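All figures in this text were calculated on a predicted structure; none of them were measured in a lab.
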Amino acid sequence: MLGLTNTLTDFSDDKLIDLLNDGDRGALDEIYRRHWSAMYIASFNMLKDHDACMDINQDIFTWLWTKRGELKITSLKSYLLSAVRYKVTDVIRRVKVGKVFLDHLSQAEASFDNVTSDLEVKELRKIILQFIADLPDRCREVFDLSRNHHLSNKEIALRLGITEKAVERQMTIALKRFKSSIGSSYHIFIGLF
Amino acid sequence: MQKEEFFQLTDKINDGSANEAELELYIKYFNSFQTSSVWDEKEMGDEQTRGQMLLAAIDRSIAAPLPVKRLKLNLKWVASIAAILVVAVAAFWFINVNHPVVDNVANYANQTSTNTNELIQLPDGSTVILSAGSTMSYSSIPGKIPVREVKLKGQAFFDVKHIDQQPFIVRTESVTTHVLGTAFEVNANGGKIIVTVARGKVGVTKDGKQLGMLTPNKQVIYDKARDKSTIHDINAKKTSSWSNGDLVFTNITVGHAANFLQQRFNVNIIVKDEALAKQQFTTKLFENQSLTEILTLICDFNNAEYTFNESTKLVTIKPKN
């Protein structure tokens, strides 16, 4: 890992994204230093599970690094929060939710404020599209179980702890992407299995 | 909202099928859970420790594509194999290929390993452990003397199956390595390309010009800037660290996986059933997984079961009845 220099800590988030896009590993470390705690807290508030929070935050930073060179981010802070919001959905089923969580769920709606959050919705939508574009792990897993291991949707649902409906949706996405990616990425797609 | 309803919502967010209203609803739920904006040490433990753990985890998952580490050969790996070669090259991709690259015959498609090392089985029976972030392709070029050729960007172990009259060639930038039934390592870290031989004999050429014919514990160092090469004595008996990391098995046969595990864990593995030995599967091994964990995983995937005798170090895998 590269050490942090004094200059990096002085840079704006925008500048850090530029540097990250240039492949500067130090920039990633500085982004981490600035934002990891807020991201972790946001995920922990929701999941109350360290393993799950570790997974999703690790994924986000790894993803940032693999996408260096093509990152177009206007506000890093809200981008990262949106990423947390999205990645939480990867693991939420895995986490044992307690009574506090359920109580919260049943009462939350009453406490919703009416402030519209168009920007947040937009950003979350953007994040989803970006992550989905990489064919999400679960989607790949579902496809693999179905096509290479010949499990039924029901068996896959049981095995992964998701609903049959979700299995269907994942398959649809996989097939859609599969069809649109025939060509150079075809082999890579196959190679994933 | 009830639990199941909420899970359906998060599923839809996750797979991208949620509409605007559902996105907004999810965000509202998510926000309503944000009851704390500061690190609560009582509930969450020590912040600094957690931060270091997370950073270390991130480091592990992205460290491999960083500058190529010096490769070291673990002789345990070599034990019963015709030839192993280890190649590590900096991030240049065949700027200088002298031969036309034949892509239409018996090719192994471009294979990119992402976050983990990947075990790949080549059509000729050779095995490659492709390090994280590396890319390779394989072609078998027919002719009077058929040639097996690998193009590599990054780092890989090659376990080359010896086939008479069929050279195995690894191309990396301007330096070409010919396998002559041997075990060796190539490392192109920065301005130098280093080939080290553990066993057997290796021919190394640069743009067709011979840099050296190496024997065990010899090393050739080629300096790209100065276009000069020197030969040194070296101790090749060093252990490999990167290739013991996480590993993805892609369409590997049970038999091949068994060979691989024999070397990694220093045991004997017998696959009782021929059809089972040829069965292909795909899975991922993690760095610190034990032999029994891995065997359980492989058996799960292939509807098989295993027995392991600790004192004789003998593993038997057979189909489940």
Peer 1: Counting only heavy atoms closer than 4.5 Å, note whether Glu43(B) contacts chain A via side chain, backbone, both or neither.
Peer 2: both
Peer 1: Would you mind reporting whether Leu54(B) and Gln58(A) have side-chain heavy atoms less than 4.5 Å apart?
Peer 2: yes
Peer 1: Less than 4.5 Å to any heavy atom of chain B: does that hold for the side chain of Leu124(A), its backbone, both, or neither?
Peer 2: side chain
Peer 1: Using the ring of each side chain (for Trp, its six-membered ring), is His104(A) parallel, tilted or perpendicular to Phe33(B), with breaks at 30° and 60°?
Peer 2: parallel
Peer 1: Are Trp39(B) and Phe44(A) close enough that their ring centres sit under 6.0 Å apart?
Peer 2: no
Peer 1: Please flag which part of Lys48(A) lies under 4.5 Å from any non-hydrogen atom of chain B: side chain, backbone, both or neither.
Peer 2: side chain
Peer 1: Verify the neighbour count for atom CD of Glu4(B): are there more than 12 heavy atoms of other residues, nucleotides or ligands below 6.0 Å?
Peer 2: yes
Peer 1: What is the distance from atom CE of Met44(B) to atom NE2 of His50(A), rounded to the nearest 0.5 Å?
Peer 2: 6.0 Å
Peer 1: With side-chain contact (heavy atoms from CB on, under 4.5 Å) as the test, would you mind laying out the steps for Arg85(A) and Asn31(B) before giving the verdict?
Peer 2: CA-CA 9 Å; Arg85(A) 281 188 180 126; Asn31(B) 290 351; 2.8 Å; yes
Peer 1: What part of Phe30(B) gets within 4.5 angstrom of chain A, counting heavy atoms only: side chain, backbone, both, or neither?
Peer 2: both
Peer 1: Quick check: closest heavy atoms across Glu20(B) and Val121(A), and the distance to 0.1 Å?
Peer 2: OE1-CG1, 3.3 Å
Peer 1: From Lys12(B) NZ over to Thr89(A) OG1, what is the distance, rounded to the nearest 0.5 angstrom?
Peer 2: 13.5 Å
Peer 1: When rounded to the nearest 0.5 angstrom, what is the spacing between CD in Gln2(B) and OG in Ser106(A)?
Peer 2: 6.5 Å
Peer 1: Quick check on Leu81(A) against chain B: is it the side chain, the backbone, both or neither that has a heavy atom closer than 4.5 Å?
Peer 2: side chain
Peer 1: How far does CG of Asn45(A) sit from OG of Ser32(B), to the nearest 0.5 angstrom?
Peer 2: 10.5 Å
Peer 1: Using side-chain contact (heavy atoms from CB on, under 4.5 Å), reason through Trp36(A) and Arg50(B) one step at a time and then give a plain yes or no.
Peer 2: CA-CA 10 Å; Trp36(A) 83 270; Arg50(B) 182 58 62 182; 4.1 Å; yes
Peer 1: Output, in order, the C-alpha distance, side-chain angles, deciding distance and verdict of side-chain contact (heavy atoms from CB on, under 4.5 Å) for Asp29(A) and Leu55(B).
Peer 2: CA-CA 8 Å; Asp29(A) 289 344; Leu55(B) 185 58; 4.2 Å; yes
Peer 1: Name the residue from Asp11(B), Thr10(B), Asn14(B) that meets the side chain to side chain donor-acceptor pair (under 3.5 Å) definition with Arg93(A).
Peer 2: Asp11(B)
Peer 1: At a 4.5 Å cut-off on heavy atoms, which part of Ala42(A) comes close to chain B: side chain, backbone, both, or neither?
Peer 2: both
Peer 1: If you measure from CG on Asp59(B) to CH2 on Trp65(A), what distance do you get to the nearest 0.5 Å?
Peer 2: 10.5 Å
Peer 1: Any chance CD of Glu41(B) has more than 12 other-residue heavy atoms, nucleotides or ligands included, within less than 6.0 Å?
Peer 2: yes
Peer 1: Tell me, please, which residues at least two apart from Tyr32(A) pass side chain to side chain donor-acceptor pair (under 3.5 Å).
Peer 2: none
Peer 1: So how far is it from Tyr26(B) OH to Ile92(A) CD1, rounded to the nearest 0.5 Å?
Peer 2: 6.0 Å
Peer 1: Let me know if Asp40(B) has heavy atoms under 4.5 Å from chain A in its side chain, its backbone, both or neither.
Peer 2: neither
